[in-house]
Amino acid sequence: MPDNQYNPTRPFVFINAAMSADGKIATIERRQTRISGSLDFDRMDELRASSDAIMVGIGTILSDNPSLTVKSPQRREKRRAGGRDENPVRIVVDSLARTPIDADIFKKGDGRRIIAVSKSAPQERVEEISKLADIITAGETGVELKRLLTELKARGINRLMVEGGATLNWGLISQGLVDEIYTFIGNIIIGGRTAPTLADGEGCKGGFCRLALISCEKLDDGILVKWKVLN
Ligand SMILES: NC(=O)c1ccc[n+]([C@@H]2O[C@H](COP(=O)([O-])OP(=O)(O)OC[C@H]3O[C@@H](n4cnc5c(N)ncnc54)[C@H](O)[C@@H]3O)[C@@H](O)[C@H]2O)c1
Ligand SMILES: Nc1nc(=O)c(N)c(NC[C@H](O)[C@H](O)[C@H](O)COP(=O)(O)O)[nH]1
């Protein structure tokens, strides 16, 4: 799998997501729904194990409370044998430092965590979280994603997996900061006008983000589609 080590300013960035046949990644209540089958979860685990870091938005932490750990003991062992932590660095884009201190990303698994905040984050929350994670401050009110990625590259992160959600995906795609997108499309319809999709945010007003198809294959009871982002 390619790494854009030729890009000196940011890591190779790919988004991995599961969506329903109607393009939703969760319900209107933003409740997590099982879309993937076991083969897709295993593929996702391999992607986690092959990445230097995994990034999510605070919305995903608050609704799903993911641990973002590598599940397979063999894959964790392989990472350790290669001199790396058994889990990739876990990163939350969290402008106001709202990540709960009892979140599973802190409670489960070994490895480093980074919480990316803005200058508007309350100081006492930042201090509390800094006991559990490194803090990167980038931006005045929201996290400046381009600056954050530059900082991550400087810290040795060359391959970054993004696991949503809809707002963070949009932020990265709309700023031309994504190299590839992998979507598992499952055999359910979720529906709902306000249910999150792969990319929400403001939406394109002109100039759409163009993609080139890398591959498309049947997996579990759905399909896995891989795209290269042309920008
Ligand atoms: N099916 C899947 O593969 C999958 C994966 C992850 C999440 N989800 C779903 O996505 C939903 C969460 O998505 P969401 O859109 O509510 O939240 P999100 O996870 O995308 O987090 C968005 C938040 O990140 C913060 N942020 C700071 N700076 C930002 C910037 N520059 N750009 C974008 N965001 C920035 C903001 O507080 C923003 O509200 C949940 O329902 C979850 O279940 C599904
Ligand atoms: N790939 C994927 N398929 C799904 O069917 C689904 N519902 C999610 N939802 C996103 C969720 O936030 C995480 O991807 C993990 O599924 C959480 O579990 P972890 O404790 O981190 O392993 N993701």
Side-chain angles (χ1 to χ4, degrees), residues 1 3 10-18 25-26 32 36 41-80 82-118 121 125-139 142-145 147-169 171-172 177-178 182:
M1 204 161 293
D3 262 5
R10 66 166 176 82
F12 173 81
V13 176
F14 67 95
I15 291 175
N16 186 75
I25 62 167
Q32 212 195 136
S36 303
F41 277 121
D42 188 59
R43 182 192 61 84
M44 180 175 94
D45 196 56
E46 176 58 32
L47 283 176
R48 285 182 176 184
S50 69
S51 298
D52 297 317
I54 305 177
M55 179 188 277
V56 296
I58 180 63
T60 296
I61 293 290
L62 296 177
S63 46
D64 298 356
N65 192 22
S67 66
L68 306 179
T69 51
V70 174
K71 299 297 180 292
S72 147
Q74 292 79 10
R75 291 180 183 131
R76 289 202 301 270
E77 177 50 37
K78 193 174 159 202
R79 285 182 57 95
R80 273 198 303 271
R84 304 201 280 175
D85 286 340
E86 61 179 39
N87 292 299
V89 181
R90 288 169 277 173
I91 304 168
V92 185
V93 177
D94 183 10
S95 312
L96 298 176
R98 291 188 295 153
T99 304
I101 53 167
D102 62 351
D104 277 358
I105 55 149
F106 296 133
K107 286 200 296 198
K108 295 190 177 165
D110 291 338
R112 286 169 51 210
R113 288 88 167 162
I114 293 175
I115 308 296
V117 302
S118 73
R125 286 292 299 139
V126 173
E127 274 165 27
E128 206 175 8
I129 293 174
S130 67
K131 293 173 190 143
L132 304 166
D134 293 346
I135 304 284
I136 294 179
T137 307
V143 174
E144 262 184 52
L145 297 172
R147 255 173 71 188
L148 173 61
L149 293 188
T150 305
E151 178 63 32
L152 294 177
K153 178 84 180 181
R155 291 177 186 220
I157 291 170
N158 290 311
R159 183 174 163 80
L160 175 65
M161 174 172 181
V162 176
E163 283 198 40
T167 310
L168 178 62
N169 291 347
L172 289 164
L177 299 173
V178 179
Y182 313 143

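Below, each value reflects all heavy atoms present in this structure, side chains not excepted, and no hydrogens, waters or symmetry copies.
- Ser51 and Pro88 make their closest contact through O-CB, 3.6 Å (heavy atoms, listed as atom of the first residue, atom of the second, distance).
- If you run side chain to side chain donor-acceptor pair (under 3.5 Å) between Glu86 and each of Arg79, Lys78, Arg80, only Arg80 comes through.
- Under 4.0 Å is where a charged nitrogen must lie from a carboxylate oxygen, and between Arg112 and Asp134 at least one such pair does.
- Atom CZ of Arg113 and atom CG of Leu132 lie 8.0 Å apart (nearest 0.5 Å).
- Nearest approach of Phe106 to Ile101, heavy atoms of both residues: CD1-O, 3.6 Å.
- Paired with Leu168 under the rule side chain to side chain contact (heavy atoms under 4.5 Å, CB included), one option of Thr60, Ile58, Val143, Val93 passes, and it is Val93.
- At a threshold of 4.5 Å between non-hydrogen side-chain atoms, the residues Ile136 and Arg155 count as touching.
- Counting heavy atoms from C-beta outward, Val178 and Asn169 have side chains that stay 4.5 Å or more apart.
- At least one side-chain heavy atom of Ile157 sits less than 4.5 Å from a side-chain heavy atom of Ile91.
- For the atom pair CG (Leu47) and CZ (Arg75), the distance works out to 9.0 Å, reported to the nearest 0.5 Å.
- The NZ atom of Lys71 sits 6.5 Å away from atom CE of Met44, with the distance rounded to the nearest 0.5 Å.
- Nearest heavy atoms, Ser95 versus Ala121: O-CB, 3.4 Å.
- Atom CG of Leu177 and atom CG of Leu148 lie 9.5 Å apart (nearest 0.5 Å).
- Under the 4.0 Å criterion applied to side-chain N and carboxylate O atoms, Arg147 and Glu151 are not assigned as salt-bridge partners.
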Checklist line | From CA spacing to verdict: side chain to side chain contact (heavy atoms under 4.5 Å, CB included), Thr137, Val126 | finding: CA-CA 10 Å; Thr137 307; Val126 173; 5.9 Å; no
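- Side chains of Arg48 and Asn16: no donor on one and acceptor on the other come within 3.5 Å.
- In this structure, Asp94 contributes its side chain and Thr99 its backbone to a donor-acceptor pair below 3.5 Å.
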Notebook entry, point to check: Where do Arg125 and Glu128 land on the salt bridge (Lys or Arg N to Asp or Glu O under 4.0 Å) test, with the steps shown first?
Noted result: CA-CA 5 Å; Arg125 286 292 299 139; Glu128 206 175 8; 2.6 Å; yes
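- A distance of 4.0 Å separates CG in Asn65 from CG in Asp104, rounded to the nearest 0.5 Å.
- For the 3.5 Å distance criterion, the side chains of Asp45 and Ser72 fail to qualify, holding no donor opposite an acceptor.
- Here Ile105 contributes atom CD1 and Leu68 contributes atom CG; the two are 6.5 Å apart, rounded to the nearest 0.5 Å.
- Leu152 places a side-chain heavy atom less than 4.5 Å from the side chain of Ile114.
- Contact of the Leu149 side chain with the Pro11 side chain is registered, since non-hydrogen atoms from C-beta on lie closer than 4.5 Å.
- Checked by atom type and distance alone, the side chain of Arg159 pairs as donor or acceptor with a backbone atom of Ser50 at under 3.5 Å.
- Pro100 places a side-chain heavy atom less than 4.5 Å from the side chain of Ile61.
- Between Arg90 and Asp85 there is no salt bridge, since no side-chain nitrogen of the basic residue lies less than 4.0 Å from a carboxylate oxygen of the acidic one.
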